[in-house]
Protein chains: 2
Amino acid sequence: MQTLANVIRMPTPLVVRGAASAGVLEVLRKGEELFAEGDAADWFYKVMTGAIRTSKLLSDGRRQIGAFHLAGEIFGLEAGEVHRFTAEALAGATVLAFRRTCLELSAHDSEALREEVLASAIRSLDRAQEHMLLLGRKTAQEKVAAFLLDMADRMLDGEGPFELPMSRSDIADYLGLTIETVSRTLSQFTRDSLIRLPAASRWIELCNLHALRQLNVS
Amino acid sequence: MQTLANVIRMPTPLVVRGAASAGVLEVLRKGEELFAEGDAADWFYKVMTGAIRTSKLLSDGRRQIGAFHLAGEIFGLEAGEVHRFTAEALAGATVLAFRRTCLELSAHDSEALREEVLASAIRSLDRAQEHMLLLGRKTAQEKVAAFLLDMADRMLDGEGPFELPMSRSDIADYLGLTIETVSRTLSQFTRDSLIRLPAASRWIELCNLHALRQLNVS
DNA sequence: CGCAACTTTGAGAAGAGTCAAGACTGGTGG
DNA sequence: CCACCAGTCTTGACTCTTCTCAAAGTTGCG
């Protein structure tokens, strides 16, 4: 189903100025795919609102989510001609799409965008390094604690419960665990009073930051 | 022992033109550290000869190697003021060092270097994505098969045995396994005639590429 | 309200880790 | 040139974390 996204992209693109340069705004609904592994990589994107997951699939269905991108982050830029991972909206999201060719023009129009893109690529690489350490060397408890602290840090301005934008399955595929292990670990954290799960399963409150940070070794 | 490296680095830096821009050549001996996690990130590097490993350590000593960099690859560029991982030479290696400030000058001198750096960052991100999939979702056998095929592809121009530049411990820390599991998996591959280990433990020959590629799911 | 999708929980299996010992390699010095 | 030693690698026995399979409990959307 291509609704708003296409309407906006095709007849008369809605060009937004600001951020860094000109871009085309796209509105995505929950679960909607922005691009898939193997698609031509003519565009790259910046998250305006909502959250995007980027993932890779093995032929037998095993999935690894490489990152959750929140507002302000740039993603989808490729070295080759095609995208090397899939990007989907976690819930509703809006993104600004940029033609990849923008970067190739040597006009200094694109100077600012270019710098933003390089900085963003380096930050993504940083995050990827950190995530490889988590995937390769941390225990299930450490992984879940790291994830919760990271999400709270990025989504929350202070204390209190907050709503995770992703399912247990997304969390599992991000942390290299199964949904059962994620669920069991959250239950254990609840029993140990590290967190509270107030009924609706995507809401969470971190109660014992100190203990969570101890689990989140570094 | 600081030999050529210091001679070159200190009195009158040997400036090399070519590649993309000016750089300072450094010679590293086996195991020598180029920079550590937390060091000021005033320089970034391009591998000229040999191989470099980049890694992160947890406080209790667990280590994750993020990448092995072979000739031609750029690494060590950071978003912040300090390096977020350690870089060490696997065996002897030479690298070209660039001042990070090169990139900040808007002169079009640095245009070409800048482009090379962005391309390199994107390629690194690509590799990181692929490696996260391996770390999070592949079995020990699949990890080792993927590693062997990748190394053979990067180090070898065709058939025949080749010498891995890294120890079992490096391989284990790269694949998120223990050295025992790496060793057992290589032994199993040998029993199954997928590879041959001709005495000297770092030499290896891939005998059954077809079977290895089947293990290396994608 | 009802059903599909998601989440939790349990029991058992298995892949990879740990601990321990022995073999091999490669470099050093006699 | 050979012997020795430290470091590296392999192998074995056993443990344990996490996965798998199964079922019951929730949630939330239509």
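Every chain is numbered from 1, with letters handed out A, B, ... down the list of sequences. All figures in this text were calculated on a predicted structure; none of them were measured in a lab. Keep in mind that the numbers below use all heavy atoms, side chains included, and drop hydrogens, waters and symmetry copies.
- Counting only residues at least two apart or in different chains, side-chain hydrogen bond (donor to acceptor under 3.5 Å, both in side chains) contacts with residues 192-203 of chain A comprise A:Gln188-A:Asp192.
- Across all strands, B:Ser183 comes closer than 4.0 Å to base atoms (heavy-atom distances).
- A sub-4.0 Å separation between OP1 or OP2 of D:dC19 and a side-chain N or O of A:Thr178 is present.
- At least one side-chain heavy atom of B:Arg127 sits less than 4.5 Å from a side-chain heavy atom of B:Asp150.
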With 3.5 Å as the limit, what N/O pairs link the protein to nucleotides 10-14 of chain C?
from, atom 1, to, atom 2, distance (Å)
C:dG10, N7, A:Arg184, NH1, 2.7
C:dG10, O6, A:Arg184, NH2, 3.4

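- With a 4.5 Å cut-off on side-chain heavy atoms, B:Thr185 and B:Lys143 do not count as touching.
- Comparing the helix axis at one end of the helix from C:dC1-D:dG30 to C:dG30-D:dC1 with that at the other, each defined from 5 consecutive pairs, gives an inter-axis angle of 50° (nearest 10°).
- In terms of the side-chain contact (heavy atoms from CB on, under 4.5 Å) criterion, residue partners of B:Arg184 (sequence neighbours excluded) are, by chain and number, B:Glu180.
- Applying the salt bridge (Lys or Arg N to Asp or Glu O under 4.0 Å) criterion to B:Glu159, with sequence neighbours excluded, gives no partner residue.
- With rounding to the nearest 0.5 Å, the separation of OG1 in B:Thr181 from CD in B:Gln141 is 11.5 Å.
- In this structure, B:Arg168 places its CZ atom where more than 12 heavy-atom neighbours from other residues, nucleotides or ligands lie under 6.0 Å away.
- In this structure, B:Leu90 places its CG atom 13 Å from P of D:dT8, rounding to the nearest Å.
- Atom CZ of B:Arg168 and atom P of C:dA16 are 18 Å apart (whole Å).
- Looking only at distances, no side-chain donor or acceptor of B:His131 sits under 3.5 Å from a matching main-chain atom of A:Ala128.
- Within residues 129-151 of chain B, the residues having any heavy atom closer than 4.0 Å to DNA chain C are, in order of number, B:Thr139, B:Ala140.
- Between the side chains of A:Ser55 and A:Thr86, no donor-acceptor pair is found at a separation under 3.5 Å.
- Side-chain proximity of B:Ser167 to the nucleotides D:dC9, D:dC19, C:dT7 is greatest for D:dC9.
- Between A:Leu177 atom CG and C:dG15 atom P the separation is 18 Å, expressed in whole Å.
- More than 12 heavy atoms of other shown residues, nucleotides or ligands fall within 6.0 angstrom of atom CD in B:Glu163.
- One interatomic measurement links the two molecules: CD1 of A:Ile171 to C1' of C:dC6, which rounds to 12 Å at whole-angstrom precision.
- Legend: residues meeting side-chain contact (heavy atoms from CB on, under 4.5 Å) with B:Ala79, ordered by chain and number and at least two apart, are A:Ile122, A:Arg123.
- Counting heavy atoms from C-beta outward, B:Leu34 and B:Phe75 have side chains that approach closer than 4.5 Å.
- Counting to the nearest Å, the C1' atom of D:dC19 and the CG atom of A:Leu175 are 15 Å from each other.
- Remark: B:Arg100 fails to qualify as a cation-pi partner of B:Trp43 under the 6.0 Å distance and 45° angle criteria applied to the six-membered ring.
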Distances under 3.5 Å between protein N/O atoms and the N/O atoms of nucleotides 25-30 of chain D, please, pair by pair.
none

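- Here B:Leu125 contributes atom CG and A:Thr54 contributes atom OG1; the two are 8.5 Å apart, rounded to the nearest 0.5 Å.
- Applying the side-chain hydrogen bond (donor to acceptor under 3.5 Å, both in side chains) rule to pairs touching residues 56-69 of chain A yields A:Lys56-B:Glu130, A:Asp60-A:Arg62, A:Arg62-B:Glu142, A:Arg63-A:Asp170, A:Arg63-A:Asp173, A:His69-A:Glu73, sequence neighbours excluded.
- Checking A:Leu186, A:Asn216, A:Ile171, A:Thr139 one by one against A:Val144, the side chain to side chain contact (heavy atoms under 4.5 Å, CB included) holds for a single residue, A:Leu186.
- Within residues 55-67 of chain B, no residue is approached by DNA chain D to less than 4.0 Å at the level of any non-hydrogen atom.
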Atom pairs under 3.5 Å: protein N/O with N/O of nucleotides 3-5 of chain C:
none

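- One can place CG of A:Leu186 at 10 Å from P of C:dT7, the figure rounded to the nearest angstrom.
- Computed from coordinates, the B:Ile179 CD1 to D:dT11 P distance equals 13 Å when rounded to whole Å.
- Here the P atom of nucleotide D:dT10 and the CG atom of B:Leu197 are 7 Å apart, to the nearest Å.
- Under a 3.5 Å cut-off, the side chain of B:Glu78 and the backbone N or O of B:Arg84 do form a donor-acceptor pair.
- For the pair B:Met166/B:Phe147, a side-chain contact is recorded, criterion being any heavy-atom separation below 4.5 Å from C-beta on.
- With sequence neighbours left out, B:Phe189 forms a ring pair (Phe, Tyr, Trp, His ring centres under 6.0 Å) with no residue at all.
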